[in-house]
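Chain letters run A, B, ... following the sequence lines, proteins first, then strands; residues in each count from 1.
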Protein chains: 2
Amino acid sequence: MPDINISGAIRLPKAVAKPKPASSPCAACTIRDLAVCSALEGTELDRLNAIRMPAQMTGGGTLFDEGATADYVYNLTVGTMKLYRLLPDGRRQITGFVYPGDFLGLANNGERAYTAEALSDISLCKFKRGQLENLFNEFPKLKDRLLGISRDELVAAQAQMLLLGRKTARERIASFIIATIERAELMGLPTNPIEVPMSRNDIGDYLGLTTETVSRTLTRLKQTKMISLPANKQIGIIDRDGLTKIAEGF
Amino acid sequence: MPDINISGAIRLPKAVAKPKPASSPCAACTIRDLAVCSALEGTELDRLNAIRMPAQMTGGGTLFDEGATADYVYNLTVGTMKLYRLLPDGRRQITGFVYPGDFLGLANNGERAYTAEALSDISLCKFKRGQLENLFNEFPKLKDRLLGISRDELVAAQAQMLLLGRKTARERIASFIIATIERAELMGLPTNPIEVPMSRNDIGDYLGLTTETVSRTLTRLKQTKMISLPANKQIGIIDRDGLTKIAEGF
DNA sequence: CGGGGTGTTGAACATATTCAACAACTGTGG
DNA sequence: CCACAGTTGTTGAATATGTTCAACACCCCG
């Protein structure tokens, strides 16, 4: 899977996060290079900062629910989130995870299409929808960015459809591991072992599998010496090329 | 599923197609109200027409292949297409169908993310990518449209992920039938029986099922008096509300 | 140290797949 | 216009992959 997030969360092209000398809150932001904000500089950034509201939430909290009115949009700065849709009997499909730098909440018709929940404690920049839209109109390059990103997201969504519709459990797990490695590379985080902040249950709901199948499949990948499971929420990569082959369906 | 197409093909908001008095090829176009072109009028339309190249293809033909360079974008005017991705061993996931008025081919990185194949004989308006992009820059309202549409597509893609990841065969087929009814309504086509131009195999590859399962499931829906199968490529709707309930997971 | 949640493992089961045969339909040529 | 061939669709039986139900282990975290 490419280095983009699917469905709702918007990520900007590759740029390694690096600390900024503090002068305004935005200029000091550690994930500025990853976020929408990277399209702006200098006084433009001040304009963004003027309409920015900082927000926090503890792990497990719900930022917004499917069906709610979409009055705000957000930019995640710290932590991880999950986006999901539910069926009436509780079956759940996680449509994407949100990482620092990702933008979320841009609903089209004013209604949220998914629930957004914090996996860990999170910090966000919060914007009133209309105010940010005004800024978008003022700085068209922001709009171009979003358009390009949306197309990338569509491509990622297609990859996920291929995964959900046609890949085996083994292939899905391998795809997930490879995608997680690629995201870690993109964000400049450790790539071996990789950090996997979500539960087995969440992984299952993302890959269209049950917790048990996720667990079993990981165990089998460990037995066949493709990965190791050194600690909770960590996966050690032993045979990346092998995993890639599996992920691609060979 | 909402009245939008997923993944790659771009549809504009609801508008019933109606014939236009002929004056320029675009002004006479029967699907103009459905297409991107609806954002333009008068002389703007002439500009579009100036860079437009008519194209045809017979059913079964491949418009472009996954991985090819994306030099052109297209607007389908007549016929139906399917978009798909393949795994090395031939497993296929159809990520969307393309109907008259849909826009397709806008690749981000210049490489096609999917194969586009004609289901029936088709006609298209073909544009050189760069030329159309210039026009987009000249008429920003086109860009706004595309941005909104892309978000709609993302929502549709999420719905499809929920379907592929969590719905039963019965629920998938019901969802597909309901979506097809809604599309027929949108396009002002007969809604009972509905026209289903794709094969069982294509339906299966779209819903993450096999041909046999599609066939069996349709038969069972017929036996339970929810649909009828009056002729090849047609489905009669007997209990739409029941189908909707099934599709939504009740 | 103890308890609740998370993760793992096992066995029985179910849904959809695979393999196979046949039926129906389409389109083509006699 | 009918016959035939190839394709598409349907149905059946056996099978497999992943699920469900259940028990247990692990491990943070109090």
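- Scored by the side chain to side chain donor-acceptor pair (under 3.5 Å) test, A:T211 finds A:N201 as partners (sequence neighbours excluded).
- A side-chain hydrogen bond (donor to acceptor under 3.5 Å, both in side chains) check over residues 227-242 of chain B, counting only residues at least two apart or in different chains, returns the pairs B:E185-B:R240.
- In terms of the salt bridge (Lys or Arg N to Asp or Glu O under 4.0 Å) criterion, residue partners of A:E117 (sequence neighbours excluded) are, by chain and number, A:K82.
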Quiz item: In B/S/- notation, 5' to 3', how is nucleotides 6-19 of chain D contacted by protein heavy atoms closer than 4.0 Å?
Solution: ---SBBBB----SB
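- Listed by first and then second residue, the side-chain hydrogen bond (donor to acceptor under 3.5 Å, both in side chains) pairs involving residues 55-69 of chain A amount to none (not counting sequence neighbours).
- Taking the screw axis at each terminus of the helix from C:dC1-D:dG30 to C:dG30-D:dC1 from five consecutive base pairs, the angle between the two is 30° to within rounding of 10 degrees.
- Residues forming a side-chain contact (heavy atoms from CB on, under 4.5 Å) with B:A68 (at least two apart in sequence, or on another chain): B:R112.
- Residue pairs that meet the ring pair (Phe, Tyr, Trp, His ring centres under 6.0 Å) test with at least one member in residues 53-72 of chain A, sequence neighbours left out, are A:F64-A:Y114.
- Checked against side-chain contact (heavy atoms from CB on, under 4.5 Å), A:S120 has the following partners two or more places apart in sequence or in another chain: A:T80, A:I122.
- Applying the salt bridge (Lys or Arg N to Asp or Glu O under 4.0 Å) criterion to B:R92, with sequence neighbours excluded, gives B:D202, B:D205.
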Tabulated below should be each protein N or O lying under 3.5 Å from an N or O of nucleotides 1-4 of chain C; please produce it.
none

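- Each side-chain hydrogen bond (donor to acceptor under 3.5 Å, both in side chains) pair with one or both residues in residues 213-223 of chain A, not counting sequence neighbours, appears once here: A:T210-A:T213.
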